[in-house]
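Below is one structure; the comments refer to it alone.
In what follows, chains are A, B, ... by sequence order, proteins preceding strands, each numbered from 1. Treat the numbers as computed from the prediction; the structure is a model and nothing was measured. All heavy atoms count here, side chains included; hydrogens, waters and symmetry mates do not.
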Amino acid sequence: MQLPPDKLPLIVILGPTAVGKTKLSLQLAKKYQGEIISADSRLFYRGMDIGTAKPSKEELQIVPHHLIDVTDPDDTWSLGRYKDACVRLIDEIHRRGNIPFLVGGTGQYIRAITDGWVVPKLSPDERLREVLNEWGEEIGAEALYERLKVIDPEAAEKILPGNMRRMVRALEVIFKTGQKFSSLRKKEPVPYNVLQIGLDRPRHIIDERIDARVDEMMQNGFLEEVAHLLAHYSKDVPSMTAIGYSQLAEYLEGSLDLDEAVEEIKKVTRKFYRRQMTWFKKGDERIDWFDLSEVSISDIDLCIQQFLSE
RNA sequence: GCCGAGAUAGCUCAGUUGGUAGAGCAUGCGACUGAAAAUCGCAGGGUCGACAGUUCAAGUCUGUCUCUCGGCA
């Protein structure tokens with residue numbers, strides 16, 4: 001297979017939850033001798049399978065997959081870890097002469113790769129975060145925001161005043177590195193020739209697919225999966241904030257009926273779809289959009305052929 | 001049939017001593033650089049059940065009617 005001479009190709013398949021990314025990307029990756037790198041913040045964790053709609057064991061064997069089941073639920077992965085690992089993997093795949101397929105729905109992770117984000121190299125300091133959170137609670141989010149505005153006005157501009165979590169991260173970086181958070185927020189050139197394939201479907205179809213998928217998850221033992229996880233991990237570990245897991249944990253604690261929990265899962269998944277679409281815009285020229293309810297795989301295939309022959 | 005409670009945003013409900021309405025959720029839109037399936041923000045949307053009366057002014061007071069829920073028959 002002939003690869004573009006200057007920059008090596010990276011095929012990104014992005015799209016919202018329940019659209020059908022897994023199935024399609026498997027077919028395409030198989031055809032083009034590809035390897036799939038997951039761009040999904042909840043597929044890292046072993047044992048979180050049903051509720052994350054993780055590809056099945058069989059599917060994982062069709063083509064090589066990366067960044068799935070790489071750690072346990074109490075070992076939190078994050079943007080920085082993701083970016084480092086992903087960049088390394090893309091390089092390795094290119095060396096093997098294969099094509100990397102970045103597939104997923106976590107907009108932040110995808111943009112870190114496609115837009116060359118330079119993520120501040122500072123791993124989280126849980127104790128400092130705790131201190132900062134307490135401080136914020138004490139003086140109020142607004143007051144904390146005023147402090148941030150004084151220390152790093154540029155960073156403050158990018159953060160909404162009520163958003164404690166993002167303020168805490170910014171202050172954490174500032175206090176530990178002695179540098180402004182905003183000054184560490186850089187971009188670098190992207191060393192790949194990137195094709196972005198966006199998958200979507202009409203909204204009412206997505207809603208139907210979400211409902212059906214949640215029901216299916218419940219039938220496939222989602223509740224048992226959550227119960228099993230809770231026997232080993234606290235429900236407060238970040239991975240357990242995944243959609244579905246937190247609601248079923250509430251049911252198991254007795255603070256929610258099962259019916260209510262299932263409805264809630266459907267509801268927040270629909271909300272999640274909308275939030276995902278703020279990363280993947282229809283007006284984004286870099287994305288070739290396909291409506292999976294109308295288009296066949298050969299249309300997408302054609303798009304990839306063109307890209308690879310350029 | 002009688003007694004009681006209620007009828008306000010798509011839904012669940014607030015609404016002080018009368019001054020033409022708010023919240024949460026839903027919906028739409030958005031932000032996002034090591035928790036991101038997280039976290040945070042903005043917006044639209046109501047002839048306040050109907051009709052009459054009192055009043056400068058009624059979601060709010062009075063009367064009648066319609067409907068809903070509960071209790072008694």
Side-chain angles (χ1 to χ4, degrees), chain A residues 16-18 38-45 48 50-54 73-87 104-126 128-130 132-133 136 141-142 144-145 152 154-170 172-174 176-177 179-188 203-204 207 210 213-214 217 236-248 260 263-283:
Chain A
T17 187
S38 159
D40 193 306
S41 66
R42 300 287 120 128
L43 297 188
F44 303 134
Y45 305 106
M48 299 179 69
I50 298 168
T52 59
K54 192 177 282 174
D74 57 349
D75 171 41
T76 306
W77 266 54
S78 57
L79 178 64
R81 286 181 84 173
Y82 179 79
K83 166 110 204 259
D84 291 347
C86 188
V87 165
T106 302
Q108 189 195 35
Y109 291 6
I110 292 174
R111 288 298 164 237
I113 302 299
T114 62
D115 295 2
W117 287 7
V118 180
V119 182
K121 286 244 181 294
L122 180 79
S123 39
D125 179 335
E126 293 307 330
L128 178 56
R129 287 184 176 189
E130 221 171 284
L132 289 168
N133 266 308
E142 298 285 333
L144 191 67
Y145 185 74
D152 187 348
E154 253 184 276
E157 238 172 78
K158 291 278 184 184
I159 298 173
L160 291 163
N163 200 335
M164 279 278 274
R165 184 171 290 211
R166 299 227 303 119
M167 283 194 273
V168 164
R169 172 60 184 168
E172 176 184 55
V173 171
I174 293 165
K176 292 203 80 168
T177 65
Q179 299 181 67
K180 287 186 180 179
F181 186 56
S182 55
S183 72
L184 296 169
R185 208 187 118 100
K186 292 180 201 141
K187 281 188 183 178
E188 61 190 4
R203 182 60 196 277
H204 70 276
D207 287 348
I210 287 171
R213 193 168 74 169
V214 172
M217 285 173 178
D236 297 323
V237 299
S239 60
M240 290 295 283
T241 62
I243 291 171
Y245 293 85
S246 49
Q247 289 79 9
L248 291 181
E260 285 172 349
E263 276 315 301
E264 187 67 17
I265 293 169
K266 292 174 180 172
K267 196 171 85 184
V268 297
T269 307
R270 276 180 237 129
K271 217 168 172 172
F272 174 49
Y273 165 86
R274 284 174 260 145
R275 257 179 302 128
Q276 283 181 299
M277 293 311 271
T278 68
W279 288 96
F280 313 134
K281 300 257 202 259
K282 285 297 165 59

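- The base of B:rC32 is paired with the side chain of A:Thr278 by a donor and an acceptor separated by under 3.5 Å.
- The separation of B:rC67 from B:rC51, taken at their C1' atoms, amounts to 15 Å, rounded to a whole angstrom.
- Using a 4.0 Å heavy-atom cutoff across all strands shown, A:Arg111 reaches no nucleic acid atom at all.
- Distance noted for atom C1' between B:rG15 and B:rG46: 14 Å (whole Å).
- Contacts of A:Lys180 classified as salt bridge (Lys or Arg N to Asp or Glu O under 4.0 Å), with partners at least two apart in sequence or in another chain: none.
- Within the nucleic acid shown, A:Arg270 has no heavy atom closer than 4.0 Å to any nucleic acid atom.
- A:Ile265 has its side chain within reach of A:Leu248: a pair of non-hydrogen atoms, C-beta onward, lies under 4.5 Å apart.
- At the heavy-atom level, A:Lys281 lies under 4.0 Å from the strands shown only through sugar-phosphate atoms.
- Residue contacts shown for A:Asp40 include a base, since a base heavy atom lies under 4.0 Å away.
- A straight line from CD of A:Glu172 to C1' of B:rA35 spans 10 Å, rounded to a whole angstrom.
- Proximity of A:Arg185 to the phosphate of B:rU33: a side-chain N or O atom is located under 4.0 Å from OP1 or OP2.
- The salt bridge (Lys or Arg N to Asp or Glu O under 4.0 Å) check on A:Arg129 picks up A:Glu172, with sequence neighbours excluded.
- Of all heavy-atom pairs spanning A:Arg270 and A:Arg203, the tightest one is O-NH2, 4.0 Å.
- Here B:rA36 presents its P atom at 14 Å from CZ of A:Phe280, a figure rounded to the nearest Å.
- Nucleotides B:rG18 and B:rA9, compared at atom P, are 23 Å apart to the nearest Å.
- Atom name C1', nucleotides B:rG59 and B:rU17: the rounded distance is 16 Å, in whole Å.
- By the side chain to side chain contact (heavy atoms under 4.5 Å, CB included) test, A:Arg166 pairs with A:Ile159, A:Asn163, sequence neighbours left out.
- Using a 4.0 Å heavy-atom distance criterion, A:Gly51 is classed as a base contact.
- Only A:Ser78, A:Leu79, A:Gly80, A:Arg81, listed by number, bring a heavy atom of residues 78-86 of chain A to less than 4.0 angstrom from any atom of RNA chain B.
- Two residues are said to be in side-chain contact when any heavy atoms from C-beta on lie closer than 4.5 Å; A:Val214 and A:Glu263 fail this criterion.
- Atom P of nucleotide B:rA38 and atom CZ of A:Arg165 are separated by 9 Å, given to the nearest angstrom.
- Distance check on atom P: B:rU64 versus B:rG22 gives 32 Å, rounded to whole Å.
- In this structure, A:Phe181 has no ring pair (Phe, Tyr, Trp, His ring centres under 6.0 Å) partners at least two apart in sequence or on a different chain.
- Taking atom C1' in both B:rU16 and B:rG34, one finds a spacing of 50 Å when rounded to whole Å.
- A salt bridge links A:Arg81 with A:Asp75: the closest approach of a Lys/Arg side-chain nitrogen to an acidic carboxylate oxygen falls below 4.0 angstrom.
- Ranking B:rA36, B:rU27, B:rG34 by closeness to the A:Gln108 side chain, first place goes to B:rA36.
- Side-chain N/O atoms of A:Arg275 include none lying less than 4.0 angstrom from OP1 or OP2 on B:rA36.
- Side-chain proximity of A:Trp279 to B:rG34, B:rU27, B:rA36: nearest is B:rA36.
- Not counting sequence neighbours, the partners of A:Glu130 by the side chain to side chain contact (heavy atoms under 4.5 Å, CB included) test are A:Glu134.
- Taking only distance into account, the side chain of A:Arg129 meets the base of B:rA35 through a donor-acceptor pair shorter than 3.5 Å.
- The gap from the P atom of B:rG10 to that of B:rG6 amounts to 23 Å, rounded to the nearest Å.
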Review item, side-chain donor-acceptor pairs of residues 112-121 of chain A, under 3.5 Å, at least two apart:
residue, atom, partner, partner atom, Å
A:Thr114, OG1, A:Ile110, O, 3.2
A:Thr114, OG1, A:Arg111, NH1, 2.9
A:Asp115, OD1, A:Arg286, NH1, 2.7
A:Lys121, NZ, A:Asp84, OD1, 3.3

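- Phosphate proximity of B:rA35 to A:Arg42: absent, as no side-chain N or O sits under 4.0 Å from OP1 or OP2.
- Among the atoms of the strands shown, only primed sugar atoms or phosphate atoms (P, OP1, OP2) are found under 4.0 Å from some heavy atom of A:Lys267.
- With the nearest nucleotide of RNA chain B identified for both A:Val118 and A:Ile243, A:Val118 has the one nearer the 5' end.
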Q. Tell me, what's RNA chain B's dot-bracket, Watson-Crick or G-U with both distances under 3.5 Å, | for other-strand, [ ] crossing?
A. (((((((..((((.....[..)))).(((((.......))))).....(((((..]....)))))))))))).
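- Considering only residues two or more places apart in sequence or on other chains, A:Ser246 meets the side-chain hydrogen bond (donor to acceptor under 3.5 Å, both in side chains) condition with none of them.
- Set against B:rG34, B:rA31, B:rA36, the side chain of A:Asn163 has B:rA31 as its closest nucleotide.
- Taking the C1' atom of each, B:rU12 and B:rC2 are spaced 31 Å apart, rounded to whole Å.
- For A:Trp117, the side-chain atoms get nearest to B:rC32 when compared with the rest of B:rG34, B:rC40, B:rC32.
- The OH atom of A:Tyr273 sits 18 Å away from the C1' atom of B:rA36 (whole-angstrom rounding).
- Of the side-chain N and O atoms in A:Arg203, one or more sit less than 4.0 angstrom from OP1 or OP2 of B:rG28.
- Residues A:Pro73 and A:Ser239 come closest through the heavy atom pair O-OG, 2.7 Å.
- Applying the 4.0 Å criterion to OP1 and OP2 of B:rU27, one finds that A:Lys271 has every side-chain N and O outside that range.
- Nearest nucleotide to the side chain of A:Phe181, out of B:rU33, B:rA36, B:rA26: B:rU33.
- With B:rA35, B:rA38, B:rU27 as the candidates, the nucleotide lying closest to the side chain of A:Thr76 is B:rA35.
- Comparing A:Gly107 and A:Val173 by the nucleotide of RNA chain B that holds the closest heavy atom to each, the one mapping nearer the 5' end is A:Val173.
- Among the heavy atoms of the strands lying under 4.0 Å from A:Thr52 is at least one base atom, whether or not backbone atoms are also near.
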